[in-house]
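What follows is one structure encoded as C-alpha cells, with my remarks underneath.
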Amino acid sequence: MSERKRIYLCLAHMSDAGLEQKYIKEAFDTNWVVPLGPNVNGFEKDLEEFVGQNKRVVALSAGTAAVHLALIAAGVKAGDEVIVQSFTFCASSHPITYLGATPVFVDSEKDSWNMDPDLLEEAIKDRIAKTGKKPAAIIPVALYGMPYQIDRIMEIANRYNIPVIEDAAEGFGSRWKGQVLGTFGKYGVLSFNGNKMITTSGGGALITEDEEHWREIMMYATQYRESYPYYQHEKIGFNYRMSNICAGIGRGQMTVVNDHIAHHKHVQALYEELLKDVPGIKVHGNPDSRYDSNFWLCTMTIDPEVRIKGQENAYKTIVTGAVGGAAGVIHAAESAHTDCEPNANVEALRVIMDQAQIEARPLWKPMHRQPCYKDAPAYVNGVSEALFKIGMCLPAGPYVSDDDIHYIVDTIKNAIVE
C-alpha cells in the first residue's frame, strides 16, 4: 500500500474553472505585472461587494502591512500604547513596535477565546491612571476565524473615543450577528496568505470607513507621493500595494470564497459529530447564535488527564524545523522546553499525527508570554495560557475530505491510552 498523502491544515485551492490563471495571463498579455492595474482594481471591487456596509478596500502586500497602515492612519506614534489581544499571531502586535509604540496585551474570555471586554475596560482605566493618557487604538482578533464580542468592544471603545482596528486576518467571511467582521471598527484587516480562506499567494487588504480614509491609506501605501511631475514626499509612506499578478489570483479566488467557507463549516460539523463522545476531547465551536465563524482552522482541547501513547517521550527531542507550515529561516532552539508550552499529551498527539501524515499544531502562544514582549504591560486572567497548554489546531482546508476527517479522528482515538 502506498503511503497516505499528507493532510495539511489549510492548503491553497484554486477555482475549478481556472480563473486565477485567466486573470494572471491577462496581466502578462497586457504587461501589467507590477503593483496596481486592472486586477487590483477588480479585486478591490469584489472585496467591497463581499464585505458590504458601504466600505472601501485597499489591496496590500500582506495582512501585516494592513495592520501597520491602520495604526498609522489611526494616528499611533512613538511613545503611544495600543491595546491588542494577547491570544494571536505576532502580526497583530509586531506593527505596533514598528512605530515605536508599546503593545498592551489583554487576555481572552472563555467562550470565544478572544478579547475579554471586561478586561479591556480594566486595562484602559489602568493605563489612563498610570500614564495619564488613554491607549491610541484597540486591536481585537478573530482567532481561527471566531468572532469577538464586537458589540461590547465597540461600546467601550466609543465611550473612551479610541479607534478600533479589527484584525480579521483569520476571519475572512466570519460574521457577528450577520455582519462581516472587519466592518465594525474604524479599520478592518484581511489576509490572503497561502493558507488562508482565499489566497493571493501572499497579500492582504485594509477595510476603511469611507472615501476619505481610503484615499489616505492609498497615499501611505504608495510611498506618499505628492502630485508633482517629480517625486515629492511630505510624509513617510510605504511600498505596500498588491501586485497585479497577485490580485489576479485573488479575483479568481473570489469566485470560490463562499464554497470555501461552506466547506470549512462542513468540516467543523463533522469533527464535532465524530469527537463528541470521546472523553477529554472537546471541539471548540460557535458559543451561540451571534457567532458565525468561518472555522479557518478547527480547534480542539485535550484534558490534561487524557493519556496519549508515547507521552513520556514528549519534548525529549529538540525540533529542528518550523511546525505549522512556517517558511523561511528559523532560529535553532537550544532546549526542547520553554517556560510556557503545551502539555506533554498535546505534544505527544502532535507527533503521532505528524507521523500519520497529518499536519497539526498547537494554538498560538499568547503574546504576553513571548520573550520579545516580556516587558510589555499585560492584563491577564489565565484563559489564553490555559488554552495554549491544552489546545490543538486540526486540518480544515478545501482539500480536506470527509475520508480525511474520519482518518484524523481515528488517529486521535487510537492515540489515546485506554
Side-chain angles (χ1 to χ4, degrees), residues 60 62-108 114-143 148-150 152-171 181-182 184-191 204 206-209 213 216-217 220 236 238 240 364-370 372-380 384:
L60 301 166
T64 311
V67 176
H68 190 194
L69 292 185
L71 289 166
I72 293 171
V76 177
K77 57 188 182 302
D80 285 342
E81 292 186 340
V82 175
I83 290 181
V84 59
Q85 186 167 309
S86 181
F87 207 10
T88 183
F89 180 57
C90 64
S92 305
S93 55
H94 281 2
I96 299 168
T97 68
Y98 299 168
L99 296 170
T102 299
V104 175
F105 295 110
V106 168
D107 217 328
S108 300
N114 290 323
M115 185 178 284
D116 184 328
D118 293 332
L119 211 52
L120 166 63
E121 183 154 27
E122 178 184 324
I124 293 171
K125 290 179 178 178
D126 193 55
R127 298 323 295 168
I128 293 173
K130 287 179 176 175
T131 69
K133 64 178 184 179
K134 64 189 178 186
I138 299 169
I139 306 178
V141 181
L143 192 72
Y148 24 74
Q149 291 194 47
I150 191 61
R152 291 198 59 202
I153 291 171
M154 289 303 301
E155 187 277 322
I156 293 167
N158 289 337
R159 190 150 29 90
Y160 289 92
N161 194 28
I162 302 174
V164 171
I165 299 167
E166 294 180 70
D167 186 346
E170 300 172 7
L181 295 189
F184 293 86
K186 190 177 185 68
Y187 299 104
V189 172
L190 302 176
S191 173
L206 188 59
I207 303 170
T208 71
E209 286 185 302
H213 292 92
E216 181 180 26
I217 292 296
Y220 276 114
I236 300 295
F238 304 87
Y240 276 169
W364 298 126
K365 183 170 183 173
M367 287 297 110
H368 74 271
R369 293 306 306 267
Q370 296 286 0
C372 62
Y373 289 122
K374 59 183 174 59
D375 297 324
Y379 295 80
V380 301
S384 62

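At a threshold of 4.5 Å between non-hydrogen side-chain atoms, the residues Pro103 and Thr97 count as touching. Counting only heavy atoms from C-beta outward, the side chains of Phe184 and Val164 never approach each other to under 4.5 Å. A heavy-atom distance below 4.5 Å is not found between the side chains of Val189 and Ile139. Taking the side chain as every heavy atom from C-beta outward, Tyr187 and Ile207 never approach each other to under 4.5 Å. Side-chain contact between Thr88 and Met367 is present, with heavy atoms from C-beta onward closer than 4.5 Å. Contact of the Leu181 side chain with the Tyr148 side chain is registered, since non-hydrogen atoms from C-beta on lie closer than 4.5 Å. Annotation: side chain of Ser191 is not in contact with side chain of Glu170 (no heavy-atom distance under 4.5 Å). Side-chain atoms of His68 and Ile72, non-hydrogen and from C-beta on, do get closer than 4.5 Å to each other.
A salt bridge (charged side-chain N to carboxylate O under 4.0 Å, His left out) check over residues 79-97, counting only residues at least two apart or in different chains, returns the pairs Lys77-Asp80, Asp80-Lys133, Glu81-Arg127. Sorted by first and then second residue, the pairs that involve residues 156-166 and meet salt bridge (charged side-chain N to carboxylate O under 4.0 Å, His left out), not counting sequence neighbours, are Glu121-Arg159, Glu155-Arg159.
In this structure, Ile83 CD1 and Ile156 CD1 are separated by 9.5 Å, a value rounded to the nearest 0.5 Å. To the nearest 0.5 Å, atoms CG (Asp116) and CD1 (Ile153) are separated by 9.0 Å. Between atom CG of residue Asp167 and atom CD of residue Gln85 there is a gap of 8.5 Å, rounded to the nearest 0.5 Å. Here the NZ atom belonging to Lys365 is positioned 5.5 Å from the CD atom belonging to Gln370, to the nearest 0.5 angstrom. From Tyr220, atom OH reaches atom CG of Leu60 across 14.5 Å, with rounding to the nearest 0.5 Å. One finds the OH atom of Tyr379 at 15.0 Å from the CG atom of Asp118 (value rounded to the nearest 0.5 Å).
For Asp126 (side chain) and Glu122 (main-chain N/O), no donor-acceptor pair under 3.5 Å exists by modelled atom type. Proximity of a side-chain donor or acceptor of Lys134 to a complementary backbone N or O of Asn161 within less than 3.5 Å is detected.
Contact record, Ala142 with Gly171: CB-CA, 4.1 Å, taken as the closest heavy-atom pair. Across Ala136 and Ile162, no two heavy atoms sit closer than the pair C-CG2, 4.0 Å. Minimum heavy-atom separation, Leu69 to Ile217: O-CD1, 3.8 Å.
In this structure Asp107 satisfies the salt bridge (charged side-chain N to carboxylate O under 4.0 Å, His left out) test with no other residue, sequence neighbours excluded.
Ring pair His94/Tyr373 is tilted by interplanar angle, where 30° to 60° counts as tilted. The aromatic rings of Trp364 and Phe89 sit tilted, their planes meeting at an angle between 30° and 60°.
When ring centroids are compared, His368 and Phe87 stay outside the 6.0 Å threshold.
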Candidate pair Leu99 and Val82, rule side chain to side chain contact (heavy atoms under 4.5 Å, CB included), full reasoning: CA-CA 11 Å; Leu99 296 170; Val82 175; over 6 Å; no

Taking it one step at a time, do Leu71 and Tyr98 satisfy side chain to side chain contact (heavy atoms under 4.5 Å, CB included)? CA-CA 10 Å; Leu71 289 166; Tyr98 299 168; over 6 Å; no

